[in-house]
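Beneath this line is the structure, given in structure tokens, with notes to follow.
If you read the sequence from its start, that first residue is 1, and numbering goes on from there.
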Amino acid sequence: MPLTQIPSSLALPEDPYLWLEDTYSQRALDWVEAENAASAARLEAEPTYQAAYDEAFAIVSSEDRIPMPAFRKGMLYNFWKDADHLRGIWRRTTLESYRTGNAEWETILDIDALGEKEGRSWVYKGVSCLRPEERLCLIELSDGGEDAVEIREFDLETKSFVEGGFFVPKGKSDATWVDEDTIYLSADFAGDGFDLTSSGYPIVVKRLKRGQPLSEAIEIYRGKKEDVASSAAVIRDSSGNVLQMIVRATDFWNREFGLIDGDTVTPLALPSQASPLGLIENRLVVRLSQDWAVGGETYDAGSLVSFDAAALKADPANLSPTLVWAPGQSEAYESATMTANRLVVSALDNVSGRILSFAPAADGGWTKSTVDLPANMTLALVSGDEDSDRFFLNVEGFTTPNALYLADAATGKAKVLRSMPAKFDASDLVVEQKWAASTDGTKIPYFLVHKRDVKMDGTTPTLLYGYGGFQVSMTPGYSAIIGKLWLEKGGAYALSNIRGGGEFGPAWHKAGLETKRQIIYDDFAAIAEDLIASGLTSREHLGMMGGSNGGLLTGVEMTQRPDLWNAAVIQVPLLDMIGISRIGAGASWQGEYGNVNTDPEALAFWLERSPYHALKAGTDYPVPFIYSSTKDDRTGSAHARKFAARMKELGLPYEYFEQIEGGHAAGADPRQEARSWALTYTYLTRQLMGE
């Protein structure tokens with residue numbers, strides 16, 4: 001992508017490692033093989049490695065994990081991996097059977113068997129079924145864990161793929177059901193990239209009829225090449241009402257909406273930072289990520305509003321919203337699900353979970369109630385039943401194992417249906433919520449887990465985790481991996497709630513958007529300084545971890561504040577912030593980071609902070625563990641590769657490991673996941689628990 005409007009004073013450095021961006025070139029793969037071998041040899045020779053692998057594999061493949069269920073037409077569906085099903089099985093049972101604790105499962109699709117039969121490294125990526133019958137489904141399969149998927153039609157009655165049914169070849173496609181014989185499809189229809197945006201996602205939406213080749217699909221909408229993506233959404237409620245929409249993402253955060261009526265698309269006057277959540281009693285519920293002044297009223301960012309769908313169709317240019325919920329100063333929306341008659345919302349209050357239930361009222365408004373659940377826990381919605389008001393949710397904390405609750409959104413009652421046994425000894429652990437002052441005086445919360453009798457002499461090995469982007473909240477969770485491989489061995493763990501996340505709503509995120517991002521890094525450093533100042537740890541024993549955008553965070557912290565850290569786990573990261581738009585799906589995130597290709601301010605900002613460009617010889621950096629995946633077509637493995645290559649050029653020590661499969665995750669199956677975690681915590685033990 002050419003640079004335009006950029007002053008000549010902002011000279012771009014030459015990049016000697018562009019060849020590592022050619023993901024599958026033999027030269028690049030040979031480099032990966034050599035780097036993997038060197039780091040794996042060092043780490044697997046550590047005395048703690050084999051035990052860490054054995055413990056990690058036992059955790060990720062254990063049979064006593066909770067099978068998280070999804071309601072579907074009176075049955076419960078679950079996708080399950082274990083030692084005998086490394087790629088997983090899609091299966092179902094009844095609620096009555098599930099309640100027994102020893103459910104009789106019926107296998108619907110065996111991904112391992114399918115991969116073996118077809119000679120492919122299939123990874124299951126999800127399913128969508130046609131309501132209300134939910135018999136015909138579109139299943140997404142990925143080759144090795146990539147975001148790009150193959151889409152196939154599947155029949156739940158016959159438990160088989162539909163012969164001659166809908167089929168979409170590999171791509172970052174999006175398909176949604178219209179009716180039994182029709183889907184809306186966003187795809188690279190010609191296979192030549194013409195129908196893709198510069199971010200690599202579909203630009204065009206077409207209507208495809210059963211039996212039609214892709215070449216005969218009817219185009220109903222086309223966005224622009226510089227957009228992120230265009231797609232269709234068909235939203236239904238339990239009464240049979242339907243709303244068909246076009247969603248054009250002009251950048252990561254802004255969208256244009258349209259209503260589909262036959263071959264006509266009519267603009268819908270929703271604000272650009274709105275997210276439709278669902279339809280209930282023919283009311284469209286929308287979340288706002290920006291303040292919206294309309295009809296003499298102002299609705300604050302973070303609020304939920306609704307629209308009468310009939311009125312919306314009649315006059316899509318003049319909308320009249322009704323307030324559903326406006327969060328308080330310490331509150332934030334997390335997620336939502338629909339039951340037959342209720343909107344169920346997961347929210348945070350000072351980073352502690354709450355579940356709210358909303359019912360449409362006869363006067364056009366909404367009534368609110370709460371669901372009776374444990375306090376000071378993370379409450380995550382699992383699935384809602386569209387044929388009743390029941391829903392599943394997961395309840396957990398740092399030292400409280402996951403428990404699956406079955407709740408009723410109408411009565412507000414909930415009870416435990418399944419609990420996971422403890423996976424590590426938490427009897428002597430303490431959980432605290434603490435606050436650190438950032439450079440602008442803002443108090444930044446973080447959670448800290450440590451031994452009750454910890455010595456405040458600066459010697460406690462401490463791992464600080466962070467993300468800080470994309471309005472994603474970091475909430476307390478029960479991690480058997482962290483507990484067994486770190487906390488049980490005497491380490492402390494801290495989880496940061498820095499700006500850029502969604503812990504306190506859209507404003508918390510926007511405080512660090514684009515070239516305001518330095519405050520995110522200041523927040524994280526402030527927590528590190530607070531951990532050290534408290535006497536808990538010291539630079540010698542303090543490490544950090546982050547993945548994806550969190551990998552960018554750890555890369556910036558490592559190069560900006562090397563005085564704070566003795567370990568840096570940099571997972572599936574973004575590190576070349578100048579070349580980001582040409583690597584993976586990087587062009588799609590310019591709404592989050594700024595566009596270095598057209599904005600001189602963004603270019604100047606990232607030339608100073610891009611970790612790949614900030615590395616300098618002779619600096620006492622922590623020895624990082626840089627982790628990536630060849631199949632990661634989201635951030636792309638080139639960021640990690642080039643960062644490691646640059647460190648080698650400068651004579652700086654590092655560890656590097658690139659999982660061949662797994663995509664933007666720790667691995668494609670339990671063995672790969674276990675190895676990734678074992679290498680990671682062996683490295684952390686070496687760096688932070690050594691003498």
Next on the checklist: Arg390 vs Asp385, test: salt bridge (Lys or Arg N to Asp or Glu O under 4.0 Å). Steps then yes/no.
Outcome noted: CA-CA 6 Å; Arg390 298 173 301 182; Asp385 185 2; 3.0 Å; yes
Checklist entry - Would a 4.5 Å heavy-atom cut-off, applied to side chains only, mark Asp82 and Arg65 as touching? => result yes
Checklist entry - Any side-chain heavy atom of Pro506 sitting closer than 4.5 Å to one from Gln471? => result yes
Checklist entry - Does the side chain of Thr182 come under 3.5 Å of the side chain of Lys209 through a donor N or O and an acceptor N or O? => result yes
Next on the checklist: Are Trp90 and His85, when compared by the centres of their aromatic rings, separated by less than 6.0 Å?
Outcome noted: no
Next on the checklist: Students often mix this up, so state it plainly: with edges at 30° and 60°, are the rings of Phe470 and Trp589 parallel, tilted or perpendicular?
Outcome noted: perpendicular
Next on the checklist: Could you tell me if Tyr77 and Arg72 have a donor-acceptor pair between their side chains, going purely by distance under 3.5 Å?
Outcome noted: no
Checklist entry - Will you find, in the side chains of Ser676 and Gln659, an N or O donor that is under 3.5 Å from an N or O acceptor? => result yes
Checklist entry - How about Gln212 and Lys206: does a side-chain donor come under 3.5 Å of a side-chain acceptor? => result no
Checklist entry - Does any donor atom in the side chain of Ser272 or Asn254 lie under 3.5 Å from an acceptor atom in the other side chain? => result yes
Checklist entry - Thinking salt bridges, do Asp237 and Arg283 make one under a 4.0 Å N-O criterion? => result no
Item to check | Value rounded to 0.5 Å, distance of CE in Met68 from CZ in Arg418 | outcome: 10.0 Å
Next on the checklist: Whether the Ser306 and Trp366 side chains hold a donor-acceptor pair (N or O, under 3.5 Å, no angle test) is what I'd like checked.
Outcome noted: yes
Next on the checklist: Is it the case that the side chains of His509 and Glu503 hold a donor-acceptor pair, with the cut-off being a distance below 3.5 Å and no angle test?
Outcome noted: no
Checklist entry - Quick one: OH on Tyr467 to CG on Asn549, what's the gap to the nearest 0.5 Å? => result 4.5 Å
Next on the checklist: Once rounded to the nearest 0.5 Å, what's the spacing between atom CG of Asp669 and atom CD of Glu661?
Outcome noted: 7.5 Å
Checklist entry - Heavy atoms, side chains only, cut-off 4.5 Å: are Val242 and Gln244 in contact? => result yes
Checklist entry - Does a salt bridge link Arg641 with Glu658, judged by any charged N lying under 4.0 Å from a carboxylate O? => result yes
Next on the checklist: Is it true that, when you exclude Glu104 itself, more than 12 heavy atoms of the residues, nucleotides or ligands shown sit nearer than 6.0 Å to its CD?
Outcome noted: no
Item to check | Pair Arg248, Ser231: side-chain N/O donor-acceptor within cut-off below 3.5 Å | outcome: no
Checklist entry - Phe166 vs Trp177 aromatic rings, parallel, tilted or perpendicular, using cut-offs 30° and 60°? => result perpendicular
Item to check | Distance (rounded to the nearest 0.5 Å) between Leu185 CG and Ile151 CD1 | outcome: 6.5 Å
Next on the checklist: Do Val265 and Leu259 make a side-chain contact, defined as non-hydrogen atoms from C-beta onward lying under 4.5 Å apart?
Outcome noted: no
Item to check | Under 3.5 Å side-chain donor-acceptor pair for Asp143 and Ser121 | outcome: no
Checklist entry - Parallel, tilted or perpendicular: which describes the rings of Trp105 and Tyr98, with under 30° parallel and over 60° perpendicular? => result perpendicular
Checklist entry - Would you call Lys170-Glu146 a salt bridge at under 4.0 Å N-O? => result yes
Next on the checklist: Less than 4.0 angstrom from a charged side-chain N to a carboxylate O is my criterion; do Asp261 and Lys313 meet it?
Outcome noted: no
Next on the checklist: Tell me whether Arg671 at atom CZ has more than 12 heavy atoms from other residues, nucleotides or ligands lying less than 6.0 Å away.
Outcome noted: no
Checklist entry - Side chains of Glu219 and Phe189: does their closest heavy-atom pair fall under 4.5 Å? => result no
Checklist entry - Can you check whether Glu106 reaches Arg91 side chain to side chain, under 4.5 Å on heavy atoms? => result no
Checklist entry - Side-chain contact, heavy-atom cut-off 4.5 Å: Ile280 with Pro360? => result yes
Item to check | Greater than 12 external heavy atoms within 6.0 Å of Phe194's CZ | outcome: no
Checklist entry - Can you check whether Phe71 and Phe392 have ring centres sitting under 6.0 Å from each other? => result yes
Next on the checklist: Is there a side-chain contact between Leu130 and Arg135 in this structure, where contact means two heavy atoms from C-beta onward sitting under 4.5 Å apart?
Outcome noted: no
Checklist entry - How about Ser473 and Glu334: does a side-chain donor come under 3.5 Å of a side-chain acceptor? => result yes
